[in-house]
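Along the sequence shown, residues carry numbers from 1. Quick caveat, the model's predicted, so the values are computed rather than measured.
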Amino acid sequence: MSGVWFFKNNGVIRLVENPAAESNGGGSRRKVLVHLPSGQVVSSYSSLEQILNELGWERYYGGDPDLFQFHKQSSIDLISLPRDFSKFNSVYMYDIVIKNPNIFHVRDM
C-alpha cells in the first residue's frame with residue numbers, strides 16, 4: 001500500500017494513493033481486486049464471498065452489523081468489509097491480498 005497519509009486537526013486520517021493526481025484536480029486511478037486463478041475482477045460481494053468460501057473463509061456474524069466479516073477456522077485472521085460495496089476501496093483490497101497470498105492482486109483499472 002503506497003501513498004501519503006493526511007492527518008487533520010480533528011484526528012481524522014486518510015490515505016491518498018496518488019497525491020500528485022489529486023492535487024492536479026484529477027482523481028486517483030480506480031483500483032480493482034483481481035482473482036488471479038480465474039483472472040476475473042471482483043465486482044460484487046457475492047462473487048467475493050464465493051471465492052473466499054472456496055478458500056476456507058466463512059462468514060462471521062458476531063461482529064459489527066455494518067460490516068461483512070469473514071474468518072478462517074485455521075487462523076486468527078478476520079476480514080472486515082463495509083456493507084456498501086461502493087465503499088470497498090484499496091485498503092480493504094490489500095487486506096484481502098495479504099491474507100490470501102498468490103490468490104488476489106490489486107491493479108489499476
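- Between F104 and I98, every side-chain heavy-atom pair lies at or beyond the 4.5 Å cut-off.
- Here the closest non-hydrogen pair linking S80 and D95 is N-OD2, 4.4 Å.
- A donor-acceptor pair under 3.5 Å is formed between the side chain of Y45 and the backbone N or O of P82.
- Two residues are said to be in side-chain contact when any heavy atoms from C-beta on lie closer than 4.5 Å; V97 and L33 meet this criterion.
- For the atom pair M109 CE and R107 CZ, the distance stands at 13.0 Å (nearest 0.5 Å).
- Counting heavy atoms from C-beta outward, V106 and V32 have side chains that stay 4.5 Å or more apart.
- The neighbour count for D84 CG, taken as heavy atoms of other residues, nucleotides or ligands under 6.0 Å away, is above 12.
- Atom-to-atom distance recorded for F85:CZ and Y92:OH is 12.5 Å, nearest 0.5 angstrom.
- Side-chain atoms of D77 and W57 include no donor-acceptor pair closer than 3.5 Å.
- Cluster note: L78 groups with Y60 through ILVMFWY side-chain heavy atoms spaced under 4.5 Å, whether in direct contact or through intervening members.
- With rounding to the nearest 0.5 angstrom, the CG atom of L52 is 11.0 Å from the NZ atom of K99.
- To the nearest 0.5 Å, atoms CD1 (I79) and NE2 (H71) are separated by 11.0 Å.
- The side-chain heavy atoms of I96 and L48, taken from C-beta on, include a pair separated by under 4.5 Å.
- Looking at E58 and F70, their side chains never come closer than 4.5 Å, going by heavy atoms from C-beta outward.
- Here the CE atom belonging to M93 is positioned 10.0 Å from the CG atom belonging to L81, to the nearest 0.5 angstrom.
- Two residues are said to be in side-chain contact when any heavy atoms from C-beta on lie closer than 4.5 Å; V34 and V42 fail this criterion.
- Between the side chain of R83 and the backbone N or O of P65, at least one donor-acceptor pair lies under 3.5 Å.
- Nearest heavy-atom pair across K31 and D108 is NZ-OD1, 2.7 Å.
- The two residues S43 and S47 have their closest heavy-atom pair at N-OG, 3.8 Å.
- Q69 has its side chain out of reach of R59: every pair of non-hydrogen atoms, C-beta onward, lies at least 4.5 Å apart.
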